[in-house]
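Following: one structure in structure tokens, then a few remarks.
Numbering starts at 1 and runs along the sequence shown. In each ligand, atom 1 is the first atom listed, and ligand 1 is the first ligand listed. Side-chain atoms are counted along with the backbone in the values below, which use heavy atoms only and exclude waters and symmetry mates. Everything quoted here is computed from the prediction, not taken from an experiment.
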Amino acid sequence: MELPDAFVRRVVRDLGPEEGAALCAALDGVPPVSLRLHPAKCGDAEALLQRAEAAGQVPWCPDGHYLARRPQFTFDPAFHAGAYYVQEASSQFVGRLVGDVVGRRVLDLCAAPGGKTTLYASLVGPDGLVVANEIDRRRASVLADNVRKWGTGNVAVTACEPRALGDFEGWFDVVAVDAPCSGEGMFRKDIASRTEWSENNVRMCAARQEAILTEAWRALKPGGRLIYSTCTFNRDEDEGSLERLLSHVGEAVVEADVPEVETSWGIVCGRVGAFHTYRFYPHRTCGEGFFAAVACKAPDCGGRMRTPKGRRPLFASADKSTVAELERWVEEPASMRFARVADTLYGWVGAQADAVRALSEALPVICSGVAMGQVFKGRLKPDPALAFFMGLDRSALPVAEVGHDEAVDYLRRQELRADALAEGMNLVCREGRALGFAKRIGGRVNNLYPNSLRILKGEK
Ligand code: SAM
């Protein structure tokens, strides 16, 4: 399928005939494949990268790696354990723009399927909080699956209009808008995106971006950072969106400290007012088309923090013996708080618990912290999410290490051999990476891997 004519005419006009032609030729080439390791979960990273045929590091992301070819991720237990996220290289650059975010609150306003959310979750650490919002319910549920699998326990997934988060005025140290866009940067990776493109759609996207950025700005605290990104090349949705924001709030936008960018990376750096901008062209960089920008809200620009009133109390406290049972399952019980939401018990790192409670009472929160499970007769029936949690205390139950084929059988929700497991609840692991729970009762094994996540078809 050809590139849209109007698109080709525009890039030739904007970049000049030679560079425009080079971009169009690159868009007809083969996209690079890359992943980002989960530093706390990847285990033997060398072995994992060797198996994945790693072919060099993504220069702007310490955990990012290119692969020589696209492997069958579906049959890699490490993928299902959340040891890495298959993420396009250019988008990994946002990790360099957040600054020092350890222990901070980040809002990822357009978050599904969660590539950038999981990156921010690793960067803020256990005491930080990422609020990952996705307007589309179906996509929000995929985002929640990816967040649970990442297992950092420091993410709250919401599914609302950006305005509902804008109402949490001045709440966030970083607000990231990875805006819905016309997707010109995807013309290589996703050929179908060429048919969906039109000049009218570019205009519609630009209008939507203006509305989203207005809400992002409200949610940002004075002194906080705004990160704006798209996967499109046109000026209207990139620099143009920043100019429209500046026309409303320009006097309150100041420069952010920005990282060094090496010339050899091929990134085109620019400025729009106080914003530093970064353009990734596939004929210049090893990655897909991408645009990113960063600036700060002036620390002295006034405005107050505002927390919308909760509609209903949602968290019920858990009794002492229940808490004692939950504490047995986590490595750092003293740093956690537990509560019941509906019929499930949850745990949050103490530093985030009040913020998560305020969000949950005002917004549709799909998941937050770590779902611990349900306690019956003093014993925890663990939620599948607890297996992925980095802070799980593995001395709470027997660990069943399985081979590759058994791991794939487990992920298909097939029955496991009883002699691979101890009696009772087990944590099923492959190469030390947790996949989920299974319960042995005599000669039978209940595979407790969630139906919604199971591998459906294909060869091992
Ligand atoms: N940040 C994601 C990642 O790294 O995996 C990709 C986000 S994608 C570029 C943009 C997202 O914005 C989509 O999931 C889309 O559903 C969502 N979206 C669409 N319309 C929106 C709107 N009006 N407000 C907020 N988000 C919207």
Considering distance alone, does some N or O of G114 sit under 3.5 Å from an N or O of ligand 1?
yes

Can you tell whether the side chains of R433 and E431 come within less than 4.0 Å, N to carboxylate O?
yes

Atom CD of residue position E255 - does it have more than 12 heavy atoms of other residues, nucleotides or ligands inside 6.0 Å?
yes

Qualifying residue for ring pair (Phe, Tyr, Trp, His ring centres under 6.0 Å) with F280, from F233, W60, F291, W265
W60

What atoms of ligand 1 come within less than 4.0 Å of a heavy atom belonging to C110?
1 (N), 2 (C), 7 (C), 11 (C), 12 (O), 25 (C), 26 (N)

Might you work through the ring-ring contact (aromatic ring centres under 6.0 Å, His included) test for F93 and F290, ending with a clear yes or no?
CA-CA 10 Å; F93 186 76; F290 189 59; 7.7 Å; no

Would you kindly specify which portion of R139 sits under 4.0 Å from ligand 1, judged on non-hydrogen atoms: side chain, backbone, both or neither?
side chain

Looking only at N/O atoms, are D108 and ligand 1 under 3.5 Å apart anywhere?
no

Would you say S229 contacts ligand 1, with heavy atoms under 4.0 Å as the rule?
no

Is the Y281 ring parallel, tilted or perpendicular to the H283 ring (thresholds 30°, 60°)?
tilted

Contact partition for C231 relative to ligand 1, non-hydrogen atoms under 4.0 Å
neither

Under 4.0 Å, heavy-atom basis, I'd like to know which part of P162 is in contact with ligand 1: side chain, backbone, both or neither.
side chain

Once you restrict to heavy atoms under 4.0 Å, what part of R208 touches ligand 1? Side chain, backbone, both or neither.
side chain

Checking heavy atoms under 4.0 Å, the part of I135 that sits near ligand 1 is side chain

Heavy-atom distances under 4.0 Å are what count here, so tell me which part of Q87 touches ligand 1: side chain, backbone, both or neither.
neither

Distance-only N or O hit between ligand 1 and D178, under 3.5 Å
yes

Under 4.0 Å from ligand 1, counting heavy atoms only, is it the side chain of A179, its backbone, both or neither?
backbone

Among L213, L109, D167, which residue satisfies the side chain to side chain contact (heavy atoms under 4.5 Å, CB included) criterion with P162?
L109

What side chain to side chain donor-acceptor pair (under 3.5 Å) pairs are there with at least one residue in residues 103-114, not counting sequence neighbours?
D108-T117

Heavy-atom pairs closer than 4.0 Å: do any link ligand 1 to the side chain of I212, the backbone, both, or neither?
side chain

Lys NZ or Arg CZ of K116 over Y85 ring: under 6.0 Å, within 45°
no

Would you mind listing which atoms of ligand 1 come within a distance below 4.0 Å of any non-hydrogen atom of P113?
5 (O)

Could you tell me which atoms of ligand 1, counted from 1 in the order shown, lie closer than 4.0 angstrom to a heavy atom of P180?
10 (C), 12 (O), 18 (N), 19 (C), 20 (N), 21 (C), 27 (C)

